[in-house]
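Given the structure is predicted, the values throughout are model-derived calculations rather than measurements. Within every chain, numbering begins at 1; the chains are lettered A, B, ... in the order of the sequence lines, protein sequences first and strands thereafter.
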Amino acid sequence: MDSKFNLLYKNSNNIPKFQIKRKPSPVVFNNGGPTARKKIALNLNVQTNNFKNKNKVSIQEQRRKLPIFEKRNKLLELIRRHNTLIILGETGSGKTTQIPQYINSARLQNNGKIGITQPRRVAAISVAMRVAQEVGDAVGVGETVGYTVRFEDVTSPRTKIKYLTDGMLLREAMVDNLLMEYTFIILDEAHERTIHTDVLFGIVKQAQKAREEKKLRPLKILIMSATMDVDHFSDYFNNCRAVYLEGRTYPVNVYYTLTTHEDYQTACVATFFKIHQQAPWDHDVLIFLTGQEEIEAVAQQIRILSRDPDVAGPSVKVCPLYASQPTTQQITVFQPAPENTRKVIIATNVAETSITISGIRYVIDSGMVKARTYHPATGLDMLKVQRISQEQSWQRTGRAGREAEGYCYRIYTRSQYEHMQKSTIPEIQRANLSIVVIQLLALGIHAASFDFMDKPPKDSILAAFEQLKLLGAVETVDSRTLTTLGKKMVQFPLDPRFSKILLSAQEYGCLEEILTIVSLLSGESIFLNPSSKREQAMTSRQKFLSPYGDHITLLNAFRVYNNLGSNSQRSWCHEHYLNMRNMSYAAQVRTQLLEVCQRLKLPIVSCGNDTEPVRKCLLAGLFMNVAELHKEKQYITLDKRQVVNIHPSSVIHGQQPQFVLFTEVVQTSKCYLRGLTTIESQWLYDIVPDYARSHIRFNKDI
DNA sequence: GAGCACTGC
């Protein structure tokens, strides 16, 4: 079998050269003996397809069949007795959908509301819809059961069970830090440790205490999580009680490689074909890799090899899967493969939490992930391929055991596994904290004294304060309050630098233009660049190009789009290789930001075709993001004196203006500036004189 | 002349 497998590479001469770096050897795994067998527990993920009433069993019957049902009374008793409770639930335990209903029908919330947070919008919406159906409201979602996410509030004054994104609850907390609307707050998927959930931990804990002290209506807190890190959670919540709920998962046989494999991509391909030749055709395979380019390359490789006449096994349907993919392509992942065809999904970590696919019996785990890390010392974001954590590896493994006993092939040795970090570093410890710091200040809290479950690095907090001080949001780095400007900035759902830009627009008379640019920067890129049609894409968009840079180019494209009727927008986007989804998202953001501006009574004026006010205004918030030409094609940032390059995707690439402003720096193979606008150094002296004097002169002295 | 994981307000 192994020698046969080797043959298959000899005959395949069609493979693009960048894909196979060396001749692959077969990957050898341990035999997956009894010790490798482990029944694992996972979080509940939203699975809309599971909600379908397959066997015409009534909804109530389905509810009774959930593992959680038998524990209903015991759970209610515990919830009654404890003010804070941790609920650990395996996948399919039904905790997300059932517990709020149990509380509601037992009238535990005493005429108050139950708020249940989710890290993702789709989850909040789809769970709410399902629960509304279960509750049996004739009118459906928006009555007893509702949801609130950005751009959408489907609740009524009668809503008792409200699903919302964690970011949304955080916004609500900024209006009322005691969260008086709720008698129950359920923080679901707490193990994911999103930056919002982490801040909410401290907020709800504080609200509970404050309400008790002020003899107000008590706040009950439930923390729901997959089975990890229990002690850590419990320690933080004053040693509160934790209960465990069984789920519905199947055993997964786990295999490790016997030797290390640096070329994990090729090892994944080799392992796939090993499985492919043995497993029944209807057992689908899920491969975890790190990024778009890598996924497309491996997909291509598998397609080519599977057509090789020497390869045994059924046909193969290859489905790449990553978040930035057009939705139409993502849909194919959910469609079952035709008869006698095996489906192989090659995915990033979207498939770990956000997207659940049925039919997976095999998982191949590269053990790698691409992650973003913020470095406070340089202010740079770095995107790096690194090893996953042990928790993450079990999350991936669990994807094979959703419907039946499964298999997981780990492209790393047992010893490598044992050397992995136990948990993924929480986002709050590796992110730029300026938003968190300003939001906490809006609540009168200094981030350095906030009760975090895991404290972010001191340097990150300090860097955030220094940035806020430069922007004029705080007086000093010790401030516990915001300036008048800071209070306005925090109204916007934006990075403080962008809020500052919006608030400066009045001075330059260009709020119309700035609203558009900031909205476009809030979402993903509107430019499509299919590798096969790159030339056409570039020429079709030629007319939007501005010599002043990427921001003005974005503005030009949006202006045309926005003046079109809604029925011609789609085809126009298609013609110009623009992403319609991201374009209309930006339009939605723009509407929201416009509302905030109107609330703040900012005059909505336009500067017409003059770009100078727009560029100056951008500089008012992004003055710490300026680079000066240093030598041939090389720039140096004024702020931290980093050597940087213009990213080739920029419209400025190829030109060498003396000074540029940028929206972000990302380090990949080099340090690249992305999102550029040309500026005059004199503007810096006019807008931020102190900053300009200290930084420009300093740079010249080198 | 490179190529960016994933969320969210």
request  = Could you tell me whether a side-chain N or O of A/Thr663 sits under 3.5 Å from a main-chain N or O of A/Gly675, the two making a donor and an acceptor?
outcome  = yes

inquiry  = Between A/Glu352 (side chain only) and A/Phe288 (backbone N and O only), is there a donor and an acceptor less than 3.5 Å apart?
reply    = no

How many Å lie between [atom1] on [X] and [atom2] on [N], as a whole number?
X        : N     : atom1 : atom2 : answer
A/Arg396 : B/dC6 : CZ    : P     : 12 Å
A/Lys670 : B/dG3 : NZ    : C1'   : 13 Å
A/Lys370 : B/dG3 : NZ    : P     : 9 Å
A/Gln491 : B/dC9 : CD    : P     : 17 Å
A/Leu433 : B/dC9 : CG    : C1'   : 16 Å
A/Asp166 : B/dC9 : CG    : P     : 8 Å
A/Asp198 : B/dG8 : CG    : P     : 17 Å
A/Ile646 : B/dG1 : CD1   : P     : 12 Å

Out of [options], which nucleotide sits closest to the side chain of [X]?
X        : options             : value
A/Val350 : B/dA2, B/dG1, B/dC6 : B/dC6
A/Arg150 : B/dC9, B/dG1, B/dA2 : B/dC9
A/His647 : B/dA5, B/dC9, B/dG3 : B/dG3
A/Asn349 : B/dA5, B/dG1, B/dG3 : B/dA5
A/Pro493 : B/dA5, B/dA2, B/dC9 : B/dC9
A/Glu293 : B/dG1, B/dG8, B/dG3 : B/dG3
A/Ser354 : B/dC6, B/dA2, B/dG1 : B/dC6
A/Pro648 : B/dG8, B/dG3, B/dG1 : B/dG1
A/Arg120 : B/dA5, B/dA2, B/dG8 : B/dG8
A/His196 : B/dG1, B/dC6, B/dG8 : B/dG8

query = On DNA chain B, nearest-nucleotide positions of A/Gln439 versus A/Leu321: which is more 5'?
reply = A/Leu321

request  = Between A/Ala371 and A/Phe492, just flag the one whose closest nucleotide in DNA chain B comes earlier from the 5' side.
outcome  = A/Ala371

query = Parallel, tilted or perpendicular for A/Phe151 and A/Tyr585, by the 30°/60° rule?
reply =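 Perpendicular, since the angle between the ring planes exceeds 60°.
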
key: Residues in side chain to side chain contact (heavy atoms under 4.5 Å, CB included) contact with A/Val596, at least two apart in sequence or another chain   =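 Only A/Gln491, A/Phe492, A/Arg599, A/Leu600 meet the side chain to side chain contact (heavy atoms under 4.5 Å, CB included) criterion with A/Val596.
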
Check every strand shown and say whether [X] touches a base, only sugar-phosphate, or nothing at a heavy-atom separation below 4.0 Å.
X        : answer
A/Phe151 : nothing
A/Thr348 : sugar-phosphate
A/Glu294 : nothing
A/Lys384 : nothing
A/Val149 : sugar-phosphate
A/Gln292 : sugar-phosphate

task = Return no unless some side-chain N or O of A/Thr165 is found under 4.0 Å from OP1 or OP2 of B/dC9.
result = yes

ask   = Do A/Lys162 and A/Glu181 meet the salt-bridge criterion of a basic N to acidic O distance under 4.0 Å?
value = yes

message = Distance alone, cut at 3.5 Å: any donor-acceptor contact between the side chains of A/Asp188 and A/Gln118?
response =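 Looking only at side-chain atoms, A/Gln118 and A/Asp188 do form a donor-acceptor pair, the distance falling under 3.5 Å.
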
task = Verify the distance criterion only: is there a donor paired with an acceptor across the side chains of A/Glu296 and A/Tyr322 at less than 3.5 Å?
result =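 Judged by distance alone, the side chains do pair up.
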
